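One structure below.
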Amino acid sequence: MASGNETEHDGGGPLTCLVTGATGYIGGRLVPQLLKAGHRVRCLARSPEKLRDQPWADRVEVVRGDVTDPESVAGALRGTDIAYYLVHALGTGSGFEKTDRDAARTFAAGAADAGVRRIVYLGGLTPVDVPVRELSPHLRSRAEVGEIFLAGAVPAVVLRAAVVIGSGSASFEMLRYLTERLPVMVTPSWVGTRIQPIAIRDVLRYLVASAGMPREVDRAFDIGGPDIMTYRDMMERYAKVAGLPHRLILPVPMLSPRLSSHWIGLVTPVPRAIARPLAESLRHEVVCGEHDIARYVPDEQGAPLGFDDALELALRRVREAQVDTRWSNAALPGAPSDPLPTDPDWAGGSLYTDERERTVNAPPAVLWRVVEGIGGENGWYSFPLAWAIRGWLDRLAGGVGLRRGRRDAHRLRVGDSLDFWRVEEIIPGRLLRLRAEMRLPGLAWLEMRTEPDGQGRSHYRQKAIFHPRGLLGHAYWWSVSPFHAIVFGGMARNMAKAAEAQPDPGPGTPG
């Protein structure tokens, strides 16, 4: 028997654990917990640079690869004891179920060839009385991946969870924004569906403990918290815990999952591509059919955590800006992932740029503080209405809009989402490069640099870069270029003013 703080396995000593999805919400939190438990950790990532600024980055081995590529999977699994599978192709298009299925088979075969002791998979809780073919595509795919692992040669632990409550989780953000922003809600009928949510800390506790389960354990486990409630109950209890007035909730049967996803996308930071599978999953009752996990991971005092306690903990983390990972950590389906081109003739096409420079009467450390604090609640320092309209247009087109905000109010790291941008590169005190994840007919970057001018002041350089896709891309650039002086020019000017108005932190300040 093993708990989350001790390991029991053949031969003793630490295990080597491979974590896929380490750039995502769950994986990014699991890695430090495995390290805390004394295990060695290897991460498989398509973009290893996204893990560079994680506080645990120097304590893990990072391997570049993709779960759909047998060669990189084989290399990552070599010498691994436990393999955590925390990836899925949610929202990547109509063929995502096949992608999930093929990737799971590739991973299961690779694990068998590498002699891996166990695969641990976090899937979705499915209703016992609903045939698999009638489940939402999201839940159906999750169930199928779990079945592939359980049918494989390597013993597997498949943990099946419903709604995960934790600071930064998509489910929590959806619940939070719906409740806080709508005192009167016209809601879909699924608000009456029974759900058994679970706190993120309990999900992590079960994941870590799964590494030490006896070798003969090869099965699925339902995991959930102690509370069973409807989504309506969840919204009402959120309002109470958050100190909000009572919410009036009016269910309307004709709101389909498709319409629900549009509604969620407009009100919350969760884009339609993620909102729709979440809404579709809530059509089904998702309540644990057993609690057999307690045989191997005994319930401790205060665990599993109750719903209200999980909410209070998540809200405290949000208010104290201590959110380790967010649902937006993982790249969104369809978001551009190409690195910034350095050749003006990159890919045989044009690169449009808008460049601004200013001398700032403030030390570089002060200017950098303004640069690193951009976005989120601080805004973009120019023409707020234009940024808001662009964000709304992006939401209407199915993009992320401006509502993702920031993970941390003051600090950024590579891979962080920042409104409808993502941090592609950051060199503290010198460079911040953002890659656009809004819906565009091309690829776009925004680059900000700070340099000392040798006289105690700073030099600020700002560059917007756009690589058009086809005729529409060229037309887009020329249609918005008349506004660049207002948007980008105002941005450079106002950031300089903001820096000049701030106090000098004094010598020895980083930056």
Side-chain angles (χ1 to χ4, degrees), residues 18-28 30 43-47 65-74 76-77 83-112 116 118-127 130-154 156-164 169-171 203 207 210 220-221 223 257 261 270-284 286 327 329-335 337:
L18 174 69
V19 177
T20 64
T23 59
Y25 177 72
I26 299 288
L30 175 62
C43 300
L44 176 66
R46 287 178 297 175
S47 304
D66 190 294
V67 292
T68 61
D69 174 34
E71 187 175 343
S72 62
V73 166
L77 287 168
Y84 286 90
Y85 194 83
L86 304 173
V87 296
H88 54 88
L90 171 65
T92 55
S94 58
F96 85 91
E97 290 182 81
K98 182 180 185 304
T99 301
D100 272 341
R101 189 163 51 243
D102 293 345
R105 287 171 177 162
T106 295
F107 197 81
V116 172
R118 178 176 304 287
I119 293 173
V120 181
Y121 170 61
L122 178 62
L125 191 59
T126 54
V130 177
V132 172
R133 66 180 180 277
E134 295 180 14
L135 295 174
S136 70
H138 168 56
L139 282 182
R140 186 169 61 235
S141 181
R142 290 294 188 94
E144 188 173 22
V145 168
E147 290 169 0
I148 288 170
F149 288 140
L150 291 173
V154 177
V157 167
V158 174
L159 302 178
R160 308 194 311 166
V163 172
V164 177
S169 76
S171 296
V203 173
L207 284 168
S210 294
F221 294 95
I223 58 173
S261 66
V270 181
R272 196 164 67 233
I274 293 177
R276 183 169 183 181
L278 289 177
E280 287 178 333
S281 299
L282 292 171
R283 289 188 291 117
H284 307 292
V286 278
W327 60 270
N329 276 46
L332 286 171
S337 58

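What you are looking at is a predicted structure, and each value in this text was computed from that prediction instead of being measured. We number each residue from 1, following the sequence as shown.
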Hey, mind stepping through Leu18 and Leu77 against side-chain contact (heavy atoms from CB on, under 4.5 Å) and telling me if it holds? CA-CA 7 Å; Leu18 174 69; Leu77 287 168; 3.4 Å; yes
Close side-chain approach of [X] to [Y], heavy-atom, < 4.5 Å:
X	Y	answer
Leu159	Ser210	yes
Thr20	Tyr84	no
Ile26	Leu207	yes
Leu44	Val19	no
Val157	Arg118	yes

Working for side-chain contact (heavy atoms from CB on, under 4.5 Å), residues Thr126 and Arg160: CA-CA 8 Å; Thr126 54; Arg160 308 194 311 166; 3.0 Å; yes
Distance in Å, [X] [atom1] paired with [Y] [atom2], rounded so as to fall on 0.5 Å steps:
X	Y	atom1	atom2	value
Asp100	His88	CG	NE2	8.0 Å
Leu30	Cys43	CG	SG	9.0 Å
Arg46	Asp69	CZ	CG	12.0 Å
Arg101	Glu147	CZ	CD	11.0 Å

Under 30°, 30 to 60°, or over 60°: which ring-plane class applies to Tyr85 and Tyr121, parallel, tilted or perpendicular?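 Rings of Tyr85 and Tyr121: tilted, as their planes differ by 30° to 60°.
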For [X] and [Y], work out which heavy atoms get closest and say how close.
X	Y	result
Thr23	Ala45	CG2-CB, 4.5 Å
Leu150	Ala156	CD2-O, 3.8 Å
Ala162	Val286	CB-CG2, 3.8 Å
Arg142	Gly124	CB-N, 3.8 Å

Does either side chain, that of Asp66 or that of Ser72, offer a donor lying less than 3.5 Å from an acceptor on the other one? no
Run the side-chain contact (heavy atoms from CB on, under 4.5 Å) test on Val158 and Leu122 for me, step by step, so that the C-alpha distance in whole Å, both residues' side-chain angles and the decisive distance to 0.1 Å come before the verdict. CA-CA 6 Å; Val158 174; Leu122 178 62; over 6 Å; no
